[in-house]
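Here is the structure we will look at.
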Amino acid sequence: MSRNVQRVRGTQDIWGEDADRFQAVVDTFDTVRRLYAFQRVEMPVFEATSVFARSIGETTDIVSKEMYSFEDRGGDSLTLRPEFTAGLCRAYISEGWQQLAPLKLATHGPVFRYERPQKGRYRQFHQLDAEIVGSDSPAADVELLVLADQLLRELGISDGVTLQLNTLGDAETREAWRAALVAHFESHRGDLSDDSLVRLDKNPMRILDSKDPRDRPAADSAPDIDAYLAPEARGFFEKVTAGLDAAGVAWTRNARLVRGLDYYRHTAFEFVTDRLGAQGAVIAGGRYDGLIEALGGSHTPAVGWAAGIERLAMLAETVPSPAPEAVLVPLGEAAEAAAIGIIATLRRAGIACDMGFRGNMKRRMAKADSSGARYAIILGEDELARGEASLKDMKSGEQQSLALAALTEKLRAR
RNA sequence: GCGAUCGUAGCUCAGUUGGUUAGAGCAUCGGUUUGUGGUACCGAGGGUCGCGGGUUCAAGUCCCGUCGAUCGCCCCA
């Protein structure tokens with residue numbers, strides 16, 4: 001298998017059942033986003049490197065060591081997108097979408113991060129993405145969360161997934177809490193793991209969700225944001241949770257759920273499963289009111305989430321791959337020639353069908369059977385001479401002779 | 001980037017303390033009187049045992065390196 005040509009590390013060839021499941025996730029997302037009146041948007045797979053460097057933050061691992069950046073032939077530094085949000089915000093500014101705000105947008109496609117591959121974690125992976133740009137209403141957060149919840153329900157995986165919810169407050173709250181956290185962890189410096197000592201300088205809030213047991217006492221005794229929540233921020237969070245309750249979406253408060261980047265405000269959430277090991281987050285997002293400003297636009301509140309298609313597909317049941325309605329079995333050269341016209345007519349009439357090209361009749365019938373087709377259309381020379389074909393019901397085994405002209409109507413009648 | 005486990009046909013695996021031409025099931029292809037599938041039987045193709053080096057009379061089996069996958073850490077929409 002691994003001769004000369006090998007897949008690039010962290011990439012995947014998706015086919016067969018996996019491809020069916022992957023497509024089912026995308027199709028379900030597309031159906032659900034229409035129900036919520038989210039517009040489809042297509043964006044470039046690469047952007048100027050500065051778009052991600054400025055929005056995601058120079059100090060993050062994503063920007064400092066996980067981006068696929070390269071210089072193009074014109075000497076510009078470009079980067080394959082490591083996420084959707086930054087590019088979408090750039091588009092919002094470049095395309096003048098502020099006139100249309102609030103905008104409800106949905107997109108999906110490949111994203112790229114140079115990471116150590118694991119199950120459910122690839123260097124080219126695929127995300128669904130939903131964002132509401134230009135709304136500072138908690139109703140936007142609610143709508144996005146209900147959308148995510150319905151997506152999981154339609155995929156049949158909502159049982160194994162829980163919504164964890166937190167608030168990071170407004171800018172002032174967030175700063176006050178952050179300062180309190182730093183003070184708290186400074187006083188416990190001696191108890192922290194090496195990783196968390198680095199976090200203390202770079203990303204102190206991340207100590208809260210550290211998995212290292214050495215960090216847990218200090219993390220667990222750290223102050224919650226609640227004591228620092230400004231009244232408006234508290235009100236915002238209460239409206240979000242009340243909206244979820246009204247919509248019948250189950251959630252749990254996770255006061256240790258945080259976002260490292262400064263432009264995150266208010267709602268932060270993750271839909272988490274324990275069925276995928278360390279890669280447990282299947283949908284994650286939050287409100288990022290400060291991002292578009294950081295990119296050079298005017299102050300624009302926004303909220304959104306992204307979901308890993310591969311992870312959702314791994315949780316989803318196998319979907320039966322769509323079978324053709326009929327398979328043509330031509331016998332002999334003249335029949336094969338005639339079959340080309342017949343199958344073209346059927347397909348133009350919207351009837352999914354296939355044709356076997358090789359083997360003897362027994363083989364072709366076996367092929368027709370394993371395809372799952374409802375009918376086999378047997379085209380023999382003598383039948384063709386009479387302008388007829390044999391239509392065989394693969395389930396009952398019944399077979400009848402039919403005028404070629406009646407074939408389309410007969411199959412479409414079903 | 002760090003630590004650990006693993007790597008034999010398309011897939012799932014077997015391969016005894018290193019010992020002759022590396023096996024099975026599934027799948028594929030062909031056949032069981034030549035125009036009829038799902039069952040059964042017969043047969044065939046397909047592997048330089050991830051790759052490279054080393055130890056040995058002898059390596060799929062041991063050692064080293066490398067690549068890849070997996071598990072955890074890290075990071076994360």
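These numbers come from a predicted model, not from an experiment. All chains are named by letter (A, B, ...) in the order of the sequence lines, taking the proteins before the strands, and each is independently numbered beginning at 1.
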Under 4.0 Å between any heavy atoms, over every strand shown, what does A/Arg311 touch: base, sugar-phosphate, or nothing? Just pick one.
base

Report the nucleotide, chosen from B/A77, B/G30, B/G1, that has the shortest atom-to-atom distance to any side-chain atom of A/Arg363.
B/G30

Per the atom types in the model, does the base of B/C71 pair as donor or acceptor with the side chain of A/Arg116 at under 3.5 Å?
no

Under 4.0 Å, counting only non-hydrogen atoms across every strand here, what does A/Arg7 touch: a base, just sugar-phosphate, or nothing?
nothing

What's the closest nucleotide to the A/Met394 side chain, out of B/G37, B/U36, B/A77?
B/G37

Could you go step by step and tell me if A/Leu192 and A/Arg214 meet the side chain to side chain contact (heavy atoms under 4.5 Å, CB included) rule?
CA-CA 6 Å; A/Leu192 296 177; A/Arg214 281 173 296 173; over 6 Å; no

Select base, sugar-phosphate, or nothing to describe what A/Gln399 touches, counting heavy atoms under 4.0 Å on all strands.
base

When we call it a touch if two heavy atoms are under 4.0 Å apart, what does A/Ala366 touch: a base, just sugar-phosphate, or nothing?
sugar-phosphate

Base, sugar-phosphate, or nothing for A/Gly280, non-hydrogen atoms under 4.0 angstrom?
nothing

Once ring-ring contact (aromatic ring centres under 6.0 Å, His included) is applied, do any residues pair with A/Phe22, and if so which ones, sequence neighbours excluded?
A/His126

Shortest side-chain distance from A/Asp369, nucleotide among B/A77, B/G38, B/C75:
B/G38

What stems involve RNA chain B, if each pair must be Watson-Crick or G-U and both of its distances must be under 3.5 Å, with 3 or more such pairs in a row?
B:1-7 with B:67-73, B:10-13 with B:23-26, B:28-32 with B:40-44, B:50-54 with B:62-66

Among B/A77, B/A69, B/C73, the nucleotide that comes nearest once only the side chain of A/Asp195 is considered
B/C73

Out of B/G37, B/A77, B/U70, minimum distance to the side chain of A/Ala281 belongs to B/A77

Students often get this wrong, so: under 4.0 angstrom with heavy atoms, is A/Glu383 touching a base, only sugar-phosphate, or nothing?
base

With a non-hydrogen cut-off below 4.0 angstrom, is A/Gly286 in contact with a base, only sugar-phosphate, or nothing?
nothing

Pair of N/O donor and acceptor under 3.5 Å linking B/U36 base with A/Lys362 side chain:
no

Check every strand shown and say whether A/Gly304 touches a base, only sugar-phosphate, or nothing at a heavy-atom separation below 4.0 Å.
nothing

Interface with RNA chain B, restricted to residues 86-95 of chain A and to heavy atoms under 4.0 Å:
none

NA contact type, A/Gly285, heavy-atom cut-off 4.0 Å: base, sugar-phosphate, or nothing?
nothing

